[in-house]
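Residue numbers start from 1 in every chain, and the chains themselves are labelled A, B, ... in the order their sequence lines are given, proteins ahead of strands. In what follows, every heavy atom counts, from backbone to side chain, and hydrogens, waters and symmetry copies are set aside.
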Number of protein chains: 2
Amino acid sequence: MDTETIEKRKQFWTERLRENDYRLTAARCVVIEVLAASECAITPTEIYDLARQEYEKLGLVTVYRTLEKLEDLELVMRVHRPDNCHAFIAGFEGHQHLLLCRRCGRVAYFSGDNIDNLIQRVEKESGYKVHDHWLQLFGLCEECAKE
Amino acid sequence: MDTETIEKRKQFWTERLRENDYRLTAARCVVIEVLAASECAITPTEIYDLARQEYEKLGLVTVYRTLEKLEDLELVMRVHRPDNCHAFIAGFEGHQHLLLCRRCGRVAYFSGDNIDNLIQRVEKESGYKVHDHWLQLFGLCEECAKE
DNA sequence: GTGATTGCAAAGCGTTTGCACCGTA
DNA sequence: TACGGTGCAAACGCTTTGCAATCAC
């Protein structure tokens, strides 16, 4: 990812935190830095290990607490995969459908589905009232497919 | 769920186990019994508690090991939800799309989506090679929507 | 009889909580 | 200065592992 995009992401997150009366601490900044630079689903422990290269004092607990706050603000979202539901990704774009590389965890987004019709049909047939949906694709990204 | 359906499910599971050279033990039978009677996503601990009413000697570890085997045989599948990925459901029907009640965990299946076109488009645009997909709807079942 | 399966205890892992200290606003 | 935020240690809940006893075939 290019430096400009990373910088934009960091700024965006920083502003959202400030707006919501969260303090900008060294710990939070370094967690945000790691998240901003990541194109992949990343676990709290991975964030911890990477972030400590910049800020050795960081505690794993703080990573969890920062993720919790970012999740509340819908700035990150938890990623569910068949074998692992412990990772997070940057969630700037509102509701998006995910395309996940099952090898390296790289994340792409896509849209343009048209499942509203389907949802209406299923509601009618099942009697359920549908509030939310997940549409996720799993596979190999261009890099990983080469190997 | 009617008794006949439950009985059919149990028979189906029992045969699959036998075919695959798994022994039919008391522990396995009682776990299967609980699963067969459940219309909802159910956790290992819930299975354990229910099954022990029939077979007090049962250990939680055996529930886990039985689920592992049933999962290998694709007879149960793990259910992923935003807040909880610890539950399982009966998975007779091959690849199915899920409709989950977020209140009581009741599960319905639906099909008739047509996402092959979407997948082809996303593959072309992203460079990913897609192998699998999840399409899940979350909401309230008829019962829970009433309240 | 033999080897798969069981249950127990203990370890493992990811996550949360309690608490005294620290640092941002 | 005040109080939100931090890091440590310890607890927690779910899951897996090691092992001797058991039981289906």
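In this structure, H80(A) has its ring center under 6.0 Å from that of W134(A).
Checking dT15(C), dG5(D), dC25(D) against every side-chain atom of P44(A), the shortest atom distance belongs to dT15(C). In this structure, of dG7(D), dG7(C), dC3(D), it is dG7(D) that holds the atom nearest to the side chain of Y55(A). In this structure, of dA25(C), dG7(C), dG7(D), it is dG7(D) that holds the atom nearest to the side chain of A27(A). Ranking dT15(D), dT5(C), dT24(C) by closeness to the R78(B) side chain, first place goes to dT15(D). Taking the side chain of V61(B) as heavy atoms from C-beta on, and the options dT5(C), dC8(C), dC3(D), the nearest nucleotide is dC8(C). Here dT16(D) is the nucleotide among dT16(D), dG3(C), dT6(D) with the atom lying nearest to any side-chain atom of Y64(B).
The distance between atom CG of D83(A) and atom P of dT16(D), rounded to the nearest whole Å, is 13 Å. At whole-Å resolution of the value, CG in N84(B) and P in dT15(D) are 9 Å apart. Atom CG in L70(B) sits roughly 14 Å away from atom C1' in dT5(C) (whole-Å rounding). One can place OH of Y22(A) at 12 Å from C1' of dG5(D), the figure rounded to the nearest angstrom. Distance CD (E46(A)) to C1' (dG14(C)): 13 Å, rounded to an integer number of Å. Rounded to an integer number of Å, the gap from CZ of R52(A) to P of dT6(D) is 16 Å. Distance CZ (R65(A)) to C1' (dG7(D)): 8 Å, rounded to an integer number of Å. Distance NE2 (H86(A)) to P (dC13(C)): 12 Å, rounded to an integer number of Å.
For K57(A), a side-chain nitrogen or oxygen approaches OP1 or OP2 of dG23(C) to under 4.0 Å. The shortest distance between the side-chain N/O atoms of R28(B) and the OP1/OP2 oxygens of dT6(C) is below 4.0 Å. Here T25(B) does not reach the OP1 or OP2 of dT5(C): none of its side-chain N or O atoms lies under 4.0 Å away.
No side-chain donor-acceptor contact under 3.5 Å links E54(B) to the backbone of A51(B).
Neither side chain, R18(B) nor Y22(B), offers a donor N or O lying under 3.5 Å from an acceptor on the other. In summary, the side chains of H97(A) and H133(B) do not present any donor paired with an acceptor at a separation below 3.5 Å, with no hydrogens or angles considered.
Judged by closest nucleotide on DNA chain D, V63(A) is the one of L24(B) and V63(A) placed further toward the 5' end. Closest-nucleotide positions on DNA chain D for L60(B) and A26(A) were compared, and the one nearer the 5' end corresponds to A26(A).
Between R121(A) and E125(A), at least one side-chain nitrogen of the basic residue sits less than 4.0 Å from a carboxylate oxygen of the acidic one, meeting the salt-bridge criterion.
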